[in-house]
Q: 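First, the structure itself, so that you have it in front of you.
Numbering starts at 1 and runs along the sequence shown.
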Amino acid sequence: MSREPLPAARGNDEPDRGAASPLGGAVSLLGYTSEPVASPLDSASVNTVSPPDRTSESAGSSPGGVSSPAGGPLGGASGSAVSPPEDCDPDEGRPMVRVRRWGGVLVGGEVPLLAVSTTAPTLAGCLDQVLAARRAGADVVELRGDLLQEVQEAGGGDPRLLARLLARAADAVVRALEDADAGAAASPVPGAVVGSVPGAAPGAAEEAEGRVTRPGVLVTLRTRSQGGGLDLDRSGYRAVLGALAEGYLEGAGLRRPDAVDVEAYCAGLYVPGGRDLEEARADLRLLAGLVHRAGLDVVASCHDLSGTPEEDETMDLLIDMQDDGADVVKLAATPHDAVDVARLLNATACAREILSVPLVTMSMGEQGAVTRVAGGVFGSALTFVLVPGPDGSWTPSAPGQLPIESVRAVHEVLGLHRGAGAGYEVAAGPRGHTMCP
């Protein structure tokens, strides 16, 4: 495997900070009308930047050593690196994992997290799903912006409008979670249904004490080529995420999510020699640099909808994504048989011994369900689960997702529940003791 990192992409200077924010205008998603805004990024020309230095992260800092604008108009808590578990010892054959803090949870900590994705076509429906996920005990909620009807209707239009729609929806999700947490803290009746606390800013008590208790919030704009709902080519996708990151950096009076999903190779799957890999990696480095400067984490993702890569290809992909600036790396594969499932799990255990960032892997569909309940044993930091909506129905965002209670029950059996002292540290032994490629 070639492990030479891709040189930092070079091009123009940083985007003009004097340009109007692409998120500064109101949007119809929340009952406003959109306004034309100058964008520092567009689909035709994107400034090339180098990712920030990832070696200076420390507890409480925003990613890449960038000062977090949490005290500014955006508010909220950004994803940040925290100290790894004490028993994560590089002398025992494993690198120190840069654990991430999203909301009140740790990604890459001692236990795998439970995440729920929104699937509703309206913001109101998404908020219902988010609050249901919180009540069910989900650790992370993923806002699937590509499934929102208004985002789909905007389609491949103005990337600034799409960025504003995503930012407003993310703001609503974060505020709803903070509002629910503040209401729960003020409720005198355990288990009571809570809502807004009159006169209180969302999450004000937690922020005043430096604490955030809400689930982590991940924003995703999944393209159709990667199994999502939005038909965007690579330049269009790059422009939308670039405008979103620039808007957060400029400040728009909105609550921020903790992380943004960035499709690592949205124009095609990772096939050595099969496409211009350097160009694809440069896209990830570009977007990771912009997202980091906005104080957010990057989840680099790749979805193989046709099969499961060989183990060395899987490890190449995951390591490349880490080298290109990801704070969390994710691979979803499609199995054709049990061998494919086993191959992915073995590659996950091997990658966990090499990577210094949390990784998330899953084998999709019914055949790969075991990876969704037992992936944490092999080193996967997070699994996506189902929570019933207000009408009792289950709507998966990807094939093979299982009910949260079923996954939680298996985690209890496997010793992956909170307080067990298990999770990553039972994943595998030193690399020299394994069959890793």
Side-chain angles (χ1 to χ4, degrees), residues 23 26-32 70 73-79 101-105 113-151 164-187 191-208 211-221 244 247-248 252-261 296-297 384-391 393 395 397 404:
L23 304 184
V27 294
S28 55
L29 182 66
L30 298 182
Y32 302 98
L74 286 172
S78 66
R101 182 180 297 282
W102 293 356
V105 300
L113 303 182
L114 303 178
V116 175
S117 300
T118 65
T119 55
T122 65
L123 179 58
C126 285
L127 295 180
D128 286 341
Q129 291 178 328
V130 163
L131 293 177
R134 174 190 170 276
R135 289 192 295 270
D139 302 299
V140 175
V141 294
E142 179 188 38
L143 172 64
R144 283 291 299 273
D146 56 295
L147 299 182
L148 287 168
Q149 182 177 349
E150 194 158 5
V151 169
R164 290 196 297 267
L165 292 172
L166 282 175
R168 295 285 181 178
D171 171 77
V173 167
V174 174
R175 288 181 182 274
L177 290 170
E178 291 178 340
D179 205 30
D181 284 348
S187 175
V193 177
V194 297
S196 301
V197 178
E206 288 79 4
E207 288 182 19
R211 295 183 296 110
V212 179
T213 60
R214 62 165 174 77
V217 178
L218 168 66
V219 171
T220 297
L221 187 70
L244 179 67
Y248 279 127
L254 302 176
R255 291 293 200 203
R256 297 176 300 159
D258 299 288
V260 175
D261 182 288
L296 306 177
D297 275 0
F384 288 88
V385 297
L386 294 174
V387 168
D391 61 353
S393 62
T395 307
S397 61
I404 188 171

Q: Could you pull out all residues at least two apart from Ala176 that satisfy side-chain contact (heavy atoms from CB on, under 4.5 Å)?
A: Leu127, Leu131
Q: Can you name the one residue among Val217, Asp179, Val130 that meets side chain to side chain contact (heavy atoms under 4.5 Å, CB included) with Val174?
A: Val217
Q: If we ignore angles and hydrogens, is there a donor and acceptor under 3.5 Å between the side chains of Thr118 and Gln129?
A: no
Q: Check whether Asp171 reaches the backbone of Arg255 with its side chain - one donor and one acceptor, N or O, closer than 3.5 Å.
A: yes
Q: In this structure, which one of Leu113, Leu177, Val105 forms a side chain to side chain contact (heavy atoms under 4.5 Å, CB included) with Pro215?
A: Leu177
Q: Using the side chain to side chain contact (heavy atoms under 4.5 Å, CB included) definition, which of the options Leu166, Val219, Thr220, Val173 pairs with Pro257?
A: Val219
Q: Nearest 0.5 Å, what's the CZ-CG distance between Arg164 and Leu244?
A: 12.0 Å
Q: Kindly compute the distance separating OG1 (Thr122) from CG (Leu147), expressed to the nearest 0.5 Å.
A: 11.5 Å
Q: Kindly give the heavy-atom pair with the smallest separation between Ala170 and Tyr248, and that separation in Å.
A: CB-OH, 3.7 Å
Q: Output the distance between atom CG (Asp128) and atom CG (Leu123), rounded to the nearest 0.5 Å.
A: 10.0 Å
Q: Looking at every non-hydrogen atom in both residues, tell me the closest pair between Arg256 and Arg214 and how far apart they are.
A: O-NH2, 4.2 Å
Q: Report yes if the side chains of Leu143 and Cys126 come closer than 4.5 Å at any heavy-atom pair, otherwise no.
A: yes
Q: Can you give me the closest heavy-atom contact between Val116 and Ala138, atom names plus distance?
A: CG2-CB, 3.8 Å
Q: Restricting to non-hydrogen atoms, name the atom on Glu142 and the atom on Phe384 that form the minimum distance, rounded to 0.1 Å.
A: OE1-CE2, 3.5 Å
Q: Donor-acceptor check, side chain of Asp258 to backbone of Gly216, threshold 3.5 angstrom: yes or no?
A: no
Q: Would you give the length of the straight line joining atom CZ of Arg175 to atom CG of Leu254, rounded to the nearest 0.5 angstrom?
A: 7.5 Å
Q: Can you name the closest pair of heavy atoms from Ile404 and Gly137 and give their distance?
A: CD1-C, 4.3 Å
Q: Per the side chain to side chain contact (heavy atoms under 4.5 Å, CB included) rule, which among Val151, Asp261, Leu165 passes with Leu221?
A: Val151
Q: Just do the side chain to side chain contact (heavy atoms under 4.5 Å, CB included) check on Val141 and Arg134 with the steps written out, would you?
A: CA-CA 8 Å; Val141 294; Arg134 174 190 170 276; over 6 Å; no
